Amino acid sequence: MAVLARIPAQGLNESRATANSVVKCTGLHSTQYTNLAVAATRIKNPQNSNGSAPSLASSNSFVQPINYESQKHGYHHISRKRGSCVVVASTAMTSRPVIDLDFDLAQSLESFTSSSVSGRWRDLQGANNWEGLLDPIDPDLRAELIKYGEFAQVCYDAFDFEKHSKYCGSCKYNRRKVLVKTGLQRSADYEVTKYLYSTSEINLPSFFHRSDTAETWSRDSNWSGFVAVSTSASEIERLGRRDIVVAWRGTATIPEWIRNLQDWLSPADFDPGEAVVSLGNVKVERGFRSIYTSKKKTSRYNKESAQEQLLSEIRRLMKKYEGEDLSITVTGHSLGGALALLSAYDIAESEINIRRSQASTVSSSTNYLSDRSTLPYVRNGLDRGDASESVVPITVFTFAGPRVGNDLFRTRCEELGIKTLRVVNEKDVVPHVPGVVLNEDLHVLRRWIDKLPWTYSHVGVELALNTQNSPYLKWGFLDFASHHNLEAYLHLLDAYVSTKKRFSFSGHRDLALLNKFSELLKPEYIVPSYWWQQENKGLQKNEEGRWAQRDREEEDIPIVYRDD
């Protein structure tokens, strides 16, 4: 019997150690192996004298293994004595390397039950800027970060990248089934309420994908993300509030969009017609701004900009769930991270997240200056200082996000109460742009360089990971895509403990996910690369017996403004 995984049993909570949960911890699947079994065994030396993994037959004090399929819901006593470990094995011979899980199994098993965060959700959303929660990382915070990262991953998994499809650039599924079709773990807990479409005046070919066919769903627009809300009673109870999620699609590749990035700042005053004051000194990268605010009369899907689509939906949800505890969580990867921060800023600046029972009107004759020392707290004629206000917190979780705006933009986000946690890979180039040279690190020169039109500052708190810490990934110094891949980020985050212990494999996330849109996983794990794709790349035999593009089900065809 070949050993597939070894798990240290010290600290194991025996009452929760089912065979099913132990196998889940390894990231293995029963369908891949014959007679997958879980057993407890005493192994004085984790390796044989020749360096190979021991077989079950050669282990001391062997305990009869439990057949995973027949008893996966049964409890199994596992010794916690020194030198004891849990093994997962198969009767089938396999050349797959043994997975050694260096972690507290009790904590790992506990996390699969999705512990309640209702009593501390504000801290996890950044009320205290995650002080004391990052080093070592709080297990609940790690779980929530991965959850929101998976929402961002949905934007890739559901996107139609196939240029031979007339629906290239759209979402492959309608909003009612997109979370299920992409395998989101919490698909039953959230409901997608709105799809977001965008266009741009700037050419960004790696973000905007066009069909090569003459007949196409849109020449100008792309599906760029969605708004979702927690709807299941159990999830609302677990979270301690109803959660509104905004997820933005980013870019899986790097060089193209960096080359096309317009490294130039423009004013962040999105709606000057309603602003009491000018925010002209608060500036953001104009390419990001263009994607967020552009609209085209000729486009069926962007007669309204992504900004207008989003703000109207947030207003609707705020009104619908008036009286409930709410949070607004915005997430995205890469360029999607930039859109996440930009849209969070816009929601806060527009005061959509502020609930008022009585609003005081500000005199239009009041003179406000927009320099750094007197940035405005007033917009739309309403006073932020009204005692009758309650503020719905806005939190931004970004992965591989670039810089978005200047130092005044960072200051303004902080004043508006936007809490931002940036998950970055130290080997990833994207978090270093724009502003590779002129950025927040040049503290002494800030007074002068802030006046330049290409000076940028990161916003919020950083959680740094490193591709090199994972023994499962293959990478090269110039392999930019590997360092930037979102699944790689989630893999590293799942194993992150602290700055002193940066990789402790838990097995929560399946290793096969690393090769979903790449070839990141080392070849000895025998997982095909780029395996997430439509069967036959969307081709099927037609009535004439010829292979042709399969048409979508009617409910999955993008129709603008339809309540789909």
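Quantities reported herein were computed from a predicted structural model and do not represent experimental measurements.
Checked for salt-bridge contact, E487 and R509 meet the test: a charged N lies under 4.0 Å from a carboxylate O. Ion pair K147/E235 flagged as a salt bridge, since at least one NZ, NE, NH1 or NH2 atom sits closer than 4.0 Å to an Asp/Glu carboxylate oxygen. Contact check on D157 versus K172 returns no salt bridge, with no Lys/Arg side-chain nitrogen under 4.0 Å from an Asp/Glu carboxylate oxygen. Looking at R120 and D140, a side-chain N of the basic residue comes within less than 4.0 Å of a carboxylate O on the acidic one, giving a salt bridge. Between R410 and E414 a salt bridge is recorded (basic side-chain N to carboxylate O distance below 4.0 Å).
Although no hydrogens or angles enter the test, the distance criterion places no donor-acceptor pair under 3.5 Å between the side chain of W223 and the main chain of Y195. Side-chain N or O atoms of S305 include one that pairs as donor or acceptor with a backbone N or O of E308 at under 3.5 Å. With hydrogens and angles ignored, the 3.5 Å screen pairs a side-chain donor or acceptor of N406 with a backbone N or O of F409. Side chain of R286 to backbone of S266: no donor-acceptor contact under 3.5 angstrom is found. Between the side chain of N174 and the backbone N or O of R176, at least one donor-acceptor pair lies under 3.5 Å. A donor-acceptor pair under 3.5 Å links the side-chain atoms of H458 to the main chain of P431, judged by distance alone. Judged purely by atom type and a 3.5 angstrom limit, N353 uses its side chain to pair as donor or acceptor with the backbone of V392. Of the possible donor and acceptor atoms, one in the side chain of T182 sits under 3.5 Å from a partner among the backbone N and O of L179. Formation of a donor-acceptor pair under 3.5 Å by the S221 side chain with backbone atoms of S218 is not found in this model. Looking only at distances, a side-chain donor or acceptor of Y489 sits under 3.5 Å from a matching main-chain atom of N425.
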Checklist entry - How far apart are the C-alpha atoms of W248 and S343, what are their side-chain angles, what is the distance that settles it, and do they pass the side-chain hydrogen bond (donor to acceptor under 3.5 Å, both in side chains) test? => result CA-CA 10 Å; W248 290 98; S343 58; 3.1 Å; yes

Checklist entry - Could you walk me through whether R355 and S390 pass the side-chain hydrogen bond (donor to acceptor under 3.5 Å, both in side chains) check? => result CA-CA 5 Å; R355 292 165 161 170; S390 65; 5.0 Å; no

Item to check | Evaluation steps, side-chain contact (heavy atoms from CB on, under 4.5 Å), between V330 and T395 | outcome: CA-CA 6 Å; V330 195; T395 302; over 6 Å; no

Next on the checklist: Go through it in stages, so that I can follow the logic: the residues are K319 and E322, the test is salt bridge (charged side-chain N to carboxylate O under 4.0 Å, His left out), and I'd like the CA-CA distance, side-chain angles, deciding distance and then a yes or no.
Outcome noted: CA-CA 5 Å; K319 183 177 181 180; E322 187 174 3; over 6 Å; no

Checklist entry - Between R238 and E144, is a salt bridge (charged side-chain N to carboxylate O under 4.0 Å, His left out) present by the stated rule, with each step listed? => result CA-CA 12 Å; R238 187 187 75 83; E144 292 302 292; 3.1 Å; yes

Item to check | Step-by-step side-chain hydrogen bond (donor to acceptor under 3.5 Å, both in side chains) determination, D189 to S230 | outcome: CA-CA 6 Å; D189 296 326; S230 54; over 6 Å; no

Checklist entry - Hey, mind stepping through L141 and L134 against side-chain contact (heavy atoms from CB on, under 4.5 Å) and telling me if it holds? => result CA-CA 8 Å; L141 175 59; L134 295 177; 3.6 Å; yes

Next on the checklist: Quick one, R356 with E351, criterion side-chain contact (heavy atoms from CB on, under 4.5 Å). Give me CA distance, side-chain angles, the key distance, then yes/no.
Outcome noted: CA-CA 10 Å; R356 293 182 177 85; E351 297 189 341; 3.1 Å; yes

Next on the checklist: Please evaluate residues N302 and Q309 with respect to the criterion side-chain contact (heavy atoms from CB on, under 4.5 Å), reporting the C-alpha separation (whole Å), side-chain torsions for both, the decisive distance (0.1 Å), and the verdict.
Outcome noted: CA-CA 9 Å; N302 275 114; Q309 298 165 43; 3.3 Å; yes

Checklist entry - When you look at T251 and S334, which way does the side-chain hydrogen bond (donor to acceptor under 3.5 Å, both in side chains) test go after all the steps? => result CA-CA 6 Å; T251 49; S334 188; 2.9 Å; yes

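For CD of E201, the number of neighbouring non-hydrogen atoms (other residues, nucleotides, ligands) closer than 6.0 Å is 12 at most. Within a 6.0 Å sphere centred on NZ of K177, other residues, nucleotides and ligands contribute more than 12 heavy atoms.
Under the 3.5 Å distance criterion, with hydrogens and angles disregarded, a donor-acceptor pair is assigned to the side chains of Y148 and D243. The closest side-chain donor-acceptor pair between K419 and N129 falls under 3.5 angstrom. The closest side-chain donor-acceptor pair between S290 and S200 falls under 3.5 angstrom. Judged by distance alone, the side chains of Y301 and D220 never bring a donor and an acceptor atom under 3.5 Å apart.
Contacts of E237 classified as salt bridge (Lys or Arg N to Asp or Glu O under 4.0 Å), with partners at least two apart in sequence or in another chain: none.
For the pair F226 and V154, the tightest heavy-atom approach, listed with the atom from each and the gap, is CE2-CG1, 3.8 Å. The two atoms that bring V284 and A268 nearest to each other are CG1-CB, 3.9 Å, heavy atoms only. The minimum heavy-atom distance between L492 and N466, with the atom names listed, is CD2-O, 3.5 Å. Nearest heavy atoms, I137 versus Y496: CG2-O, 3.3 Å. Shortest non-hydrogen contact noted between L342 and F288 is CD2-O, 3.7 Å.
Between W217 and Y197, the ring planes lie tilted relative to each other; the angle falls in the 30° to 60° range.
L486 pairs in a side-chain contact (heavy atoms from CB on, under 4.5 Å) with only one of the listed residues (K516, H333, H491), which is H333.
Ring centers of F399 and F397: at least 6.0 Å apart, outside the cut-off. Here the two rings, on Y190 and F151, have centers that are under 6.0 Å apart.
In this structure, R249 is positioned above the aromatic face of F159, its NZ or CZ under 6.0 Å from the six-membered ring centre and within 45° of the axis.
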